[in-house]
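Quantities reported herein were computed from a predicted structural model and do not represent experimental measurements.
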Amino acid sequence: MRSITHFIHGAAQSRDGGRSADVLDPSTGAVQAQVLLGDAALLEDAVASARQAQPAWAAFNPQRRARVMFRFKELIEANMDDLAALLSSEHGKVIADAKGDVQRGLEVVEFACGIPHLLKGDYTGGAGPGIDVYSLRQPLGIVAGITPFNFPAMIPLWMGAVAIACGNAFILEPSERDPSAPVRLAELALEAGLPEGIFNVVHGDKEMVDAILDHPDIKAVSFVGSSDIANYVYARAAQNGKRAQCMGGAKNHGIILPDADMDQAVADIVGAAYGSAGERCMALPVVTPVGEATAQAFREKLVAAIETLRPGIPSDPQAQYGPLVTGQHKARVESYIQMAADEGAEIVVDGRGFSLQGYEEGFYLAPTLIDRVTPQMKSYQDEIFGPVLQILRAESFEEALSYPSQHQYGNGVAIFTRNGDYARRFAADVEVGMVGINVPIPVPVAYHSFGGWKRSGFGDLDQYGEDGVRFYTRTKKITQRWPSGGVVVDQSFVIPTMK
């Protein structure tokens with residue numbers, strides 16, 4: 001049985017605190033590895049390593065750090081196929097989607113290569129008589145990332161690339177469900193020239209998370225996961241005086257206006273709803289067609305498109321998506337399908353009971369479509385996180401706009417229309433953090449920032465982009481004067497001004 005170890009100070013660390021967890025093959029349901037689960041004592045080893053290494057790394061000039069990031073980028077590109085295969089073997093997403101996972105993280109590494117420019121401060125000469133004012137961006141020291149199972153390469157890179165480029169040491173606690181890709185990324189970073197101790201990986205569960213949140217030397221925590229846990233992480237981190245950016249759940253809506261290009265909308269929504277088996281925080285699990293004619297036309301075309309979808313093993317190039325990550329998660333998704341039926345919704349296409357020949361024990365679920373959903377249904381209010389698409393009909397643009405705005409989650413939303421006026425009004429008024437206009441999964445590019453509103457995001461700063469640089473640095477403001485004449489005694493007891 002393969003054992004997945006921690007990665008501390010540039011080497012595998014096999015101390016496990018007496019606990020481990022199964023890592024499954026979602027295609028077969030079989031246990032393929034054991035990941036060691038650490039404790040507070042193991043975290044202390046990682047912190048000690050980071051504490052030793054970080055001052056020298058911060059003392060590197062930003063251009064030298066950028067060169068390491070450039071080399072890291074090259075190594076990720078050279079190992080793309082292996083990373084994707086490793087990732088998909090534990091997560092279950094198809095190879096093409098796994099490569100997309102790595103690529104979106106790689107784009108943040110590319111952004112971090114520009115860190116010399118991003119860390120520049122401000123300067124004002126002559127702010128007062130002989131007085132200059134300037135600012136410096138300095139690293140926090142040791143920071144941590146707690147990442148989910150659904151993007152085991154992308155999200156660690158979202159956090160780690162910016163944190164490390166800014167001069168911090170980064171401790172990653174990845175999901176125990178698919179931990180191999182994060183460890184491999186840390187190994188590649190070491191090969192790229194990153195000093196030992198700057199990128200450590202510790203595996204664990206709630207015990208490790210709490211140890212990270214309570215450790216006084218960890219100055220900031222970045223988290224992605226469910227909203228309840230995001231709220232918990234944010235509150236406990238703040239209580240302990242740490243910075244925290246915590247991204248939670250989502251229930252992203254797709255609004256279809258009568259003038260939309262219906263064929264394009266259907267194609268986009270099928271991929272956004274069912275891609276990666278719906279296990280994306282930026283998936284599109286709710287569609288709101290405006291008007292009965294729009295709803296009927298969309299439903300007819302969507303059912304036809306669903307009939308062509310093919311779940312399959314990750315290595316099957318014909319498969320649109322793979323299995324869910326665990327049997328427990330599959331059962332949870334199926335329970336929401338039943339819940340919707342019990343609440344009075346119409347199960348148009350039922351994906352339960354699907355079995356893939358030769359992989360009958362795998363965690364597969366066929367595409368599911370549910371119509372006649374209402375805002376009062378719990379199946380609509382909650383995040384399902386599976387290959388399930390719900391149709392919530394609206395009679396007007398205003399009604400359609402109200403649904404994502406009033407929902408507890410505010411992560412992403414999309415509108416499909418040819419009408420620029422409606423699109424502009426929608427983007428301005430909708431109470432959601434990320435908006436797509438004829439774009440079904442509006443994840444911002446690496447030089448912007450990612451983050452939702454309401455219960456989708458806790459904290460003042462978003463992930464990656466310039467917000468990421470702000471999060472992983474603190475600004476020092478300097479006001480200086482070099483006297484060239486006598487001392488002005490009568491102003492010594494007056495609050496300084498710039499007169």
**Item:** OH/Tyr447: more than 12 non-hydrogen atoms of other groups inside 6.0 Å
**Value:** no

**Request:** Determine the sole option in Asn150, Asp101, Leu324 for which the side-chain contact (heavy atoms from CB on, under 4.5 Å) test with His91 is passed.
**Result:** Asn150

**Item:** Polar side chain donor-acceptor pair, Tyr409 to Asp382, under 3.5 angstrom
**Value:** no

**Request:** Could you label the plane-to-plane angle of the Trp57 and Phe60 rings as parallel, tilted or perpendicular, counting under 30° as parallel and over 60° as perpendicular?
**Result:** tilted

**Asked** Between Phe450 and Asp462, is a side chain to side chain contact (heavy atoms under 4.5 Å, CB included) present by the stated rule, with each step listed?
**Response** CA-CA 6 Å; Phe450 177 100; Asp462 290 339; 5.6 Å; no

**Request:** Decide whether a cation-pi geometry holds between Arg425 and Tyr422; the criteria are a distance under 6.0 Å from NZ or CZ to the six-membered ring centre and an angle within 45° of the ring axis.
**Result:** no

**Message:** More than 12 heavy atoms of other residues, nucleotides or ligands under 6.0 Å from CZ of Arg51: yes or no?
**Reply:** yes

**Asked** Would you call Asp316-Arg310 a salt bridge at under 4.0 Å N-O?
**Response** yes

**Under 3.5 Å: donor-acceptor pair, side chain of Ser276, backbone of Gly278** = no

**Asked** So, for Pro444 and Arg104, which heavy atoms are closest and what is the spacing to 0.1 Å?
**Response** O-NH2, 3.1 Å

**Message:** Enumerate the side-chain hydrogen bond (donor to acceptor under 3.5 Å, both in side chains) contacts for residues 67-80, please, sequence neighbours excluded, ordered by first and then second residue.
**Reply:** Arg71-Glu74, Lys73-Glu77

**Message:** Tell me whether Lys219 contacts the main-chain N or O of Pro216 through its side chain, where contact means a donor paired with an acceptor under 3.5 Å.
**Reply:** yes

**Message:** Between Arg481 and Asp132, does the salt bridge (Lys or Arg N to Asp or Glu O under 4.0 Å) criterion hold? Intermediate values first, please.
**Reply:** CA-CA 7 Å; Arg481 179 177 65 188; Asp132 303 323; over 6 Å; no

**Request:** Please answer whether the main-chain N or O of Cys281 pairs with a side-chain N or O of Asn252 as donor and acceptor at a distance below 3.5 Å.
**Result:** yes

**Prompt:** Does a side-chain N-to-carboxylate-O contact under 4.0 Å join Glu279 and Lys93?
**Reply:** no

**Request:** Could you tell me whether Arg474 atom CZ has more than 12 heavy atoms of other residues or ligands within 6.0 Å of it?
**Result:** no

**Request:** Give the C-alpha distance, both sets of side-chain angles, the deciding distance and a yes or no for side chain to side chain contact (heavy atoms under 4.5 Å, CB included) between Glu466 and His448.
**Result:** CA-CA 7 Å; Glu466 291 189 1; His448 286 262; over 6 Å; no

**Request:** Determine, stepwise, if the pair Val31 / Met1 fulfils side chain to side chain contact (heavy atoms under 4.5 Å, CB included).
**Result:** CA-CA 9 Å; Val31 177; Met1 179 67 66; 3.9 Å; yes

**Message:** Could you go through Val435 and Phe426, starting from their C-alpha distance and side-chain angles, then the distance that decides it, and tell me whether this counts as side chain to side chain contact (heavy atoms under 4.5 Å, CB included)?
**Reply:** CA-CA 9 Å; Val435 180; Phe426 184 83; 4.2 Å; yes

**Request:** Indicate yes or no: does Arg243 engage Asp460 in a salt bridge with an N to O separation below 4.0 Å.
**Result:** no

**Item:** Gln63, CD atom: more than 12 neighbouring heavy atoms under 6.0 Å
**Value:** no

**Message:** How about CZ on Arg424, more than 12 heavy atoms from neighbouring residues, nucleotides or ligands closer than 6.0 Å, or not?
**Reply:** no

**Request:** For Arg19 and Asp39, run salt bridge (Lys or Arg N to Asp or Glu O under 4.0 Å): C-alpha distance rounded to whole Å, both residues' side-chain angles, the deciding distance at 0.1 Å, then the answer.
**Result:** CA-CA 9 Å; Arg19 299 183 304 131; Asp39 54 13; over 6 Å; no

**Request:** Would you check if there is a donor-acceptor pair between the side chains of Gln264 and Asp268 at a distance under 3.5 Å?
**Result:** yes

**Backbone N/O of His407 and side chain of Arg455: donor-acceptor pair under 3.5 Å** = no

**Asked** Is the Phe385 ring parallel, tilted or perpendicular to the Phe149 ring (thresholds 30°, 60°)?
**Response** perpendicular

**Message:** So for atom CG, which belongs to Asp205, do other residues, nucleotides or ligands contribute more than 12 heavy atoms lying within a distance under 6.0 Å?
**Reply:** yes

Please tabulate, for side-chain N and O atoms in residues 160-173, each donor-acceptor pair with protein atoms closer than 3.5 Å (sequence neighbours left out).
from: Asn168; atom 1: OD1; to: Leu140; atom 2: N; distance (Å): 2.7
from: Asn168; atom 1: OD1; to: Gly141; atom 2: N; distance (Å): 2.9
from: Asn168; atom 1: ND2; to: Ala163; atom 2: O; distance (Å): 3.0
from: Asn168; atom 1: ND2; to: Tyr472; atom 2: O; distance (Å): 2.9
from: Glu173; atom 1: OE2; to: Gly204; atom 2: N; distance (Å): 3.2

**Request:** Please test Arg2 against Gln32 for side chain to side chain donor-acceptor pair (under 3.5 Å), starting from the C-alpha separation and ending with a verdict.
**Result:** CA-CA 7 Å; Arg2 181 167 61 97; Gln32 62 166 306; 3.2 Å; yes

**Request:** Could you walk me through whether Lys477 and Asp122 pass the salt bridge (Lys or Arg N to Asp or Glu O under 4.0 Å) test, one step at a time?
**Result:** CA-CA 9 Å; Lys477 287 70 65 177; Asp122 298 318; over 6 Å; no

